[in-house]
Amino acid sequence: MFLLPQPDDDVVEGQDDTRPVILHGVSKGDFECLLKVLLCRQHGQNKGLALSLADEWISVLKLSTMWEFASLRTAAVRGLEANVASPCRLDLIEKVVFATRYDIKEWLLPSLLAIARRPNPISVEEGRHLGIETALKLASVREKLRLQGHTRLVVGDRDPSAASLDFTPVIRKVFEIQSPREPDVFTYPVI
């Protein structure tokens, strides 16, 4: 950038403190986290300092992916794979979101599989976080699991007899639809 010929009358970014280099799409906080990891991992008194929060490692993951810093990206993924008691631990939904956003292949399938296997369905909030396409695909996978006989679960299409079941009470409950009131009967006055 500084080696390119510059016109005499134009202001050059980064020339001094009054004309900073603007990094579009990069927040101050994200950049500070990246610098913290870069400076403290190999130099200075805090050698080996780890970031303490998942949000900080996510900032490093975002920028290291954007700028193709492979070793820093690997460090961010490892930082986010911290042990269960760590404040850096992500839940399954977050892992799917970040695996998709930042192309972390080793997270995607195990996280999707764990969500598909869990007993509770995908919540509305989780669906919003995942996005409509991912949430619907996961719901489709979960729906493919059906009971065969009385003792074993198999993967397959939904039981055709389910088409004749009345799901109205469940739909009303899940979508919070009130039961219709009896229509008011209007009687004409006798004249």
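Basis for what follows: all heavy atoms, side chains included, without hydrogens, waters or symmetry-related copies. Nothing here was measured: the structure is a model prediction, and the numbers come from that model.
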*Sidechain N-carboxylate O distance under 4.0 Å for K105, D103*: yes
*Single-linkage hydrophobic cluster L113~I93, side-chain heavy atoms < 4.5 angstrom*: no
_Quick check on side chain to side chain contact (heavy atoms under 4.5 Å, CB included): which of T134, I122, V141 does I115 satisfy it with?_
I122
*4.5 Å side-chain heavy-atom contact, L61 and I104*: yes
*Heavy atoms, side chains only, cut-off 4.5 Å: are M66 and V26 in contact?*
yes
_When you group the ILVMFWY residues by side-chain heavy-atom contacts below 4.5 Å and let the links chain together, are L109 and L92 in the same group?_
no
*asked:* When you compare the side chain of V77 with that of E106, does any pair of heavy atoms fall below 4.5 Å?
replied: yes
*So, E32 and K36, do they make that salt bridge, N to O below 4.0 Å?*
no
_Test: E125 and R128 ion pair at under 4.0 Å_ = yes
_Just so I know, are the side chains of V37 and W57 near enough to count as touching, which here means a heavy-atom distance under 4.5 Å?_
yes
_Between CD on residue E68 and CG on residue L63, distance to nearest 0.5 Å_ = 13.0 Å
_Single-linkage hydrophobic cluster L108~Y102, side-chain heavy atoms < 4.5 angstrom_ = no
*Could you give me the CA-CA distance, side-chain angles and deciding distance for L72 and L34, then say whether side-chain contact (heavy atoms from CB on, under 4.5 Å) is met?*
CA-CA 9 Å; L72 203 52; L34 181 78; 3.2 Å; yes
*L90 and V60: same hydrophobic cluster, using ILVMFWY side-chain contacts below 4.5 Å?*
yes
*Should H129 and E94 count as side-chain neighbours, where that means a heavy-atom distance under 4.5 Å?*
yes
*asked:* Any non-hydrogen side-chain atom of L80 less than 4.5 Å from a side-chain atom of W107?
replied: yes
*Do other residues, nucleotides or ligands put more than 12 heavy atoms under 6.0 Å from E133 CD?*
no
*Please name the pair of heavy atoms, one in K95 and one in S111, separated by the smallest distance, quoted to 0.1 Å.*
CB-OG, 3.4 Å
_Looking at every non-hydrogen atom in both residues, tell me the closest pair between C33 and S59 and how far apart they are._
CB-CB, 3.9 Å
*Answer yes or no: is there a donor N or O on one side and an acceptor on the other, between the side chain of S140 and the main chain of L136, under 3.5 Å?*
no
